[in-house]
Number of protein chains: 2
Amino acid sequence: MATRPPLSTRLPLVDLSEVCPVRDVMDPIAGKWAMLLLDALAEHPYRFAELRRLVPDISQRMLSQTLRTLQRDGYIERRVFPTKPPGVEYRLTPLGHSLYQALVPALNWAEENHQTIRDARRQFDAETAEAMDPLDA
Amino acid sequence: MATRPPLSTRLPLVDLSEVCPVRDVMDPIAGKWAMLLLDALAEHPYRFAELRRLVPDISQRMLSQTLRTLQRDGYIERRVFPTKPPGVEYRLTPLGHSLYQALVPALNWAEENHQTIRDARRQFDAETAEAMDPLDA
DNA sequence: CCGTATCCGCCGAGATACTG
DNA sequence: CAGTATCTCGGCGGATACGG
């Protein structure tokens with residue numbers, strides 16, 4: 001029958017990153033560590049090992065990788081000092097500071113409303129459990 | 001310039017959701033669709049099928065699932081109308097509107113700086129490619 | 001019309017070991 | 001000190017089929 005390319009091999013109809021700027025911009029900083037690093041660098045430049053200490057549970061691999069994507073998007077700048085042994089410093093660019101400022105309201109909101117949300121979750125879970133198991137009426 | 005208190009307290013492995021409220025709050029809305037749905041519902045309540053049309057490339061499964069997690073955190077309310085066939089309307093709660101307001105600066109920033117970031121990416125990729133393949137010096 | 005159940009590919013992220 | 005290379009695994013999210 002009429003030959004049609006398999007669905008899986010067809011390219012998207014439009015460039016989604018073009019259609020939805022918000023997702024294109026937010027995706028790289030929505031990972032597990034990006035915001036933490038932006039927050040750490042917001043006030044002060046840091047070296048690689050210092051960032052490891054500031055975020056103790058990040059792996060070397062994810063620290064390196066996250067820093068590079070932040071650098072790629074223009075949020076941080078990487079400076080190498082040819083000392084012995086070499087040192088590398090990371091600092092926010094003006095664009096990075098600008099992003100951080102735009103994030104501040106959301107970050108503050110999260111902290112202010114954290115307990116409210118936890119309560120909402122507990123209540124929701126209790127209600128749905130009750131609906132499935134109506135013993136505890 | 002608004003410097004916030006540290007995002008990550010450096011207490012070791014206790015309950016991370018307790019230690020890092022920002023991650024606990026932001027994680028559920030950092031998914032692929034949550035922000036889009038919040039944005040759609042910010043102005044006007046919608047029914048399930050209407051949301052499908054508004055966000056054409058979302059699957060039924062992810063729409064249902066995302067709406068449920070938003071409801072669980074208390075951002076949206078679900079109203080069932082026993083019509084024939086049944087209709088379900090979703091609308092933002094006051095908490096949901098409050099969250100959305102806190103997100104607005106970040107959303108606007110993303111749109112305003114989208115092109116700048118795309119340019120930064122292109123330049124970064126070009127430089128790293130050049131570094132690996134120094135033919136075009 | 002409004003979902004849930006199941007199967008599955010992909011990728012983010014951890015652990016570990018190795019280079020300059 | 002500041003990374004990369006490789007392996008691995010769990011979970012997000014897509015496709016499809018079925019239920020109320």
Side-chain angles (χ1 to χ4, degrees), chain A residues 4-13 16 20 23 26-37 41 45-72 76-91 128 131-132, chain B residues 8 12-13 16-17 20 23 26-37 41 45-72 76-91 128 131-132:
Chain A
R4 211 167 48 88
L7 262 180
S8 51
T9 65
R10 286 196 285 176
L11 293 175
L13 296 177
L16 282 184
C20 182
R23 178 152 299 288
M26 296 304 249
D27 257 358
I29 62 173
K32 195 172 179 180
W33 306 107
M35 284 215 197
L36 251 32
L37 295 178
L41 293 170
Y46 282 110
R47 305 234 329 259
F48 191 87
E50 294 173 324
L51 289 171
R52 286 200 80 179
R53 281 192 292 277
L54 285 178
V55 189
D57 52 344
I58 194 174
S59 68
Q60 209 168 9
R61 179 180 178 273
M62 287 314 296
L63 179 55
S64 172
Q65 185 171 306
T66 306
L67 286 170
R68 200 146 34 74
T69 75
L70 291 178
Q71 184 192 358
R72 178 174 183 258
I76 66 181
E77 182 191 358
R78 182 177 181 273
R79 282 189 190 172
V80 183
F81 297 95
T83 56
K84 171 185 105 71
V88 180
E89 184 190 83
Y90 294 91
R91 64 180 350 140
T128 55
M132 291 190 317
Chain B
S8 75
L13 295 168
L16 281 184
S17 69
C20 183
R23 179 152 299 285
M26 297 304 252
D27 258 358
I29 63 173
K32 195 170 178 180
W33 306 108
M35 283 214 194
L36 253 31
L37 294 178
L41 292 170
Y46 282 110
R47 304 236 326 259
F48 191 87
E50 294 175 323
L51 289 171
R52 285 200 79 176
R53 282 192 292 277
L54 285 177
V55 189
D57 51 343
I58 194 174
S59 69
Q60 209 170 6
R61 179 181 178 274
M62 287 315 295
L63 179 54
S64 172
Q65 187 171 303
T66 306
L67 287 171
R68 176 173 292 277
T69 75
L70 291 178
Q71 184 192 359
R72 178 173 184 260
I76 65 181
E77 181 190 359
R78 184 177 181 269
R79 285 188 189 172
V80 183
F81 298 95
T83 57
K84 175 187 91 81
V88 180
E89 186 190 84
Y90 294 91
R91 64 174 30 178
T128 56
M132 291 189 319

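Every chain is numbered from 1, with letters handed out A, B, ... down the list of sequences.
- A straight line from NZ of A/K84 to P of D/dC1 spans 13 Å, rounded to a whole angstrom.
- Note on A/S59: every side-chain N or O is 4.0 Å or more away from OP1 and OP2 of C/dA15.
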Short N/O separations, protein against nucleotides 7-12 of chain D, under 3.5 angstrom:
none

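- One end of the helix from C/dC1-D/dG20 to C/dG20-D/dC1 points its axis 40° away from the other end's axis, with each axis taken from 5 pairs and the angle rounded to 10°.
- Residue A/R53 contributes atom CZ, which lies 13 Å from atom C1' of D/dA2 at whole-angstrom precision.
- In this structure, A/F81 reaches neither bases nor backbone, as no heavy-atom distance under 4.0 Å exists between it and the strands shown.
- In this structure, the CG atom of A/L36 is 15 Å from the C1' atom of C/dA13, given to the nearest Å.
- Listed pair A/R78 / D/dG3 meets the phosphate criterion, a side-chain N or O lying under 4.0 Å from OP1 or OP2.
- Of the listed nucleotides (D/dG3, C/dC2, D/dA2), C/dC2 has the atom at the smallest distance from the side chain of B/A49.
- Between the P atom of C/dT16 and the CG atom of A/L63 lies a distance of 18 Å, rounded to the nearest Å.
- Between B/M35 atom CE and D/dG13 atom P there is a gap of 13 Å when expressed in whole angstrom units.
- B/R52 places a side-chain heavy atom less than 4.5 Å from the side chain of B/L63.
- Between A/R78 and A/R68 the shortest side-chain heavy-atom distance does not fall below 4.5 Å.
- Comparing C/dT4, C/dA13, D/dG3 against the side chain of B/S64 picks out C/dT4 as the nearest.
- Distance B/R79 CZ to C/dC2 C1': 18 Å, rounded to the nearest Å.
- Nucleotides of DNA chain C nearest to A/A30 and B/R68 differ in position, and the one nearer the 5' end is that of B/R68.
- Distance CZ (B/R52) to P (C/dC1): 10 Å, rounded to an integer number of Å.
- Listed pair A/Y90 / D/dG3 meets the phosphate criterion, a side-chain N or O lying under 4.0 Å from OP1 or OP2.
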Taking only nitrogen or oxygen atoms into account, show me every contact under 3.5 Å that the protein makes with nucleotides 18-20 of chain C, one pair per line with its distance.
none

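- Within the 4.5 Å cutoff, no side-chain heavy atoms of B/L36 are placed close to those of B/I58.
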